[in-house]
Amino acid sequence: MSLPALSARSVVQVAVSDPRVRPLLRELGEEYSARYGKDAHAELARYPDEEFTAPHGGVLLLILEGGEPVAGGAFRRYDAATAELKRIWTHSGHRRRGLAREVVAELEREARARGYRRIYLTTGPRQPEARALYLNTGYRPLFDTEADPESIGPLPFEKHLSRHPESDLGEDLRTGKATAQ
């Protein structure tokens with residue numbers, strides 16, 4: 001049995017108001033509410049939309065396949081040297097394909113291009129797949145990994161971005177080949 005060919009994939013920077021962002025916000029809200037038993041839309045509205053725009057030091061990216069959003073994520077300015085990742089999302093119909101890893105890599109590239117030298121983020125204690133994603137992509141946990149995540153609350157991570165990206169060996173997530181990032 002052969003798999004169907006994937007549609008062309010592209011990465012676009014968009015405003016939070018772009019209609020293509022609606023699936024991201026809807027699914028994140030539903031997922032957070034299901035995991036934490038409360039309305040998560042307040043968390044999604046916690047930061048003003050403009051914090052995810054270039055003039056304010058942020059960005060919102062979507063990965064499109066055949067013109068449709070399949071994954072996305074954002075960062076906002078945390079401090080002068082640090083970008084904070086937010087809203088990492090993979091469409092429920094497109095999980096287990098490495099798209100979240102691709103989103104994180106794209107956000108890291110964009111943060112580095114904008115002069116950030118560090119990434120900071122938190123994820124919820126009931127999101128083991130997110131915890132694994134960050135651990136597997138080189139993020140350093142700023143918490144006791146042996147402790148019960150529920151006893152910690154939001155799980156903080158950081159990653160320092162090198163000044164010379166060509167010295168960072170990584171994997172091109174589109175080709176699966178080792179490359180200099």
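All residue numbers refer to positions in the sequence shown, counting from 1.
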Checklist line | D79: salt bridge (Lys or Arg N to Asp or Glu O under 4.0 Å) partners, not counting sequence neighbours | finding: none
Next item on the list: Please round to the nearest 0.5 Å and tell me the distance separating atom CD of E84 and atom CZ of R118.
Entry: 9.5 Å
Checklist line | Main-chain N/O of P48 paired to R76 side chain as donor or acceptor, under 3.5 Å | finding: no
Note to self: To check you understand the geometry: which heavy-atom pair defines the closest contact between T137 and K159, and what is its length?
What the structure shows: O-NZ, 2.6 Å
Margin query: Looking at every heavy atom in both T122 and P156, which two are closest together, and how far apart are they?
Written below: CG2-CA, 3.9 Å
Next item on the list: Mind running side-chain contact (heavy atoms from CB on, under 4.5 Å) on H160 and R117 for me, showing each step along the way?
Entry: CA-CA 6 Å; H160 291 273; R117 298 292 167 239; over 6 Å; no
Note to self: For the residue pair Q127 / Y36, report whether a side-chain donor-acceptor contact shorter than 3.5 Å exists.
What the structure shows: yes
Notebook entry, point to check: Between L60 and G73, which heavy-atom pair has the shortest distance, and what is it?
Noted result: CD1-O, 3.4 Å
Item checked: Heavy-atom side-chain contact between R131 and P149 under 4.5 Å -> yes
Notebook entry, point to check: Counting N and O atoms only, with roles assigned by atom type, does the side chain of R77 sit under 3.5 Å from a partner on the main chain of A83, one being a donor and the other an acceptor?
Noted result: no
Next item on the list: Please state whether the rings of F157 and Y134 are parallel, tilted or perpendicular, taking 30° and 60° as the class boundaries.
Entry: tilted
Notebook entry, point to check: Would you find a donor on one side and an acceptor on the other, under 3.5 Å apart, between the side chain of E27 and the backbone of S92?
Noted result: yes
Next item on the list: Flag the pair H94 / E65 as yes when at least one side-chain heavy-atom distance between them is below 4.5 Å, and no otherwise.
Entry: yes
Next item on the list: Look at the side chain of R35 and the backbone N and O of R126, then say whether any donor-acceptor pair between them is shorter than 3.5 Å.
Entry: yes
Next item on the list: Using a strict 4.0 Å threshold on nitrogen-to-oxygen distance, state whether E129 and R95 make a salt bridge.
Entry: no
Checklist line | Contact check, side chains of F52 and V59, non-hydrogen atoms, under 4.5 Å | finding: no
Notebook entry, point to check: Would you say V104 and L133 make side-chain contact, with heavy atoms under 4.5 Å?
Noted result: yes
Next item on the list: Side-chain contact test, heavy atoms from C-beta onward, threshold under 4.5 Å: evaluate it for L25 versus W89 and give yes or no.
Entry: no
Margin query: Checking I119 against E158 for the side-chain contact (heavy atoms from CB on, under 4.5 Å) test, could you report, in this order, the C-alpha distance in whole Å, the side-chain angles of both residues, the deciding distance, and whether it holds?
Written below: CA-CA 5 Å; I119 302 264; E158 73 173 354; over 6 Å; no
Margin query: Can you give me the closest heavy-atom contact between I63 and L99, atom names plus distance?
Written below: CD1-O, 4.2 Å
Check: Can you find a heavy atom in the side chain of F75 that is under 4.5 Å from one in the side chain of E110?
Finding: yes
Notebook entry, point to check: If every non-hydrogen atom of T123 is compared with every non-hydrogen atom of A130, which pair is closest and at what distance?
Noted result: OG1-CB, 3.3 Å
Next item on the list: Ignoring hydrogens and angles, tell me if any N or O in the side chain of N136 forms a donor-acceptor pair with the backbone of A132 under 3.5 Å.
Entry: yes
Notebook entry, point to check: Can you find a pair of side-chain heavy atoms, one from L107 and one from I88, that are under 4.5 Å apart?
Noted result: yes
Next item on the list: Without swapping roles, check the side chain of H56 against the backbone of G58 for a donor-acceptor pair under 3.5 Å.
Entry: no
Item checked: Closest heavy-atom pair and its distance - G153, P125 -> O-CD, 3.5 Å
Check: Are side-chain heavy atoms of R109 and L161 found at a separation under 4.5 Å?
Finding: no
Note to self: When you measure from the side chain of Y116 to the backbone of G57, do you find a donor-acceptor pair of N or O atoms at a distance under 3.5 Å?
What the structure shows: yes
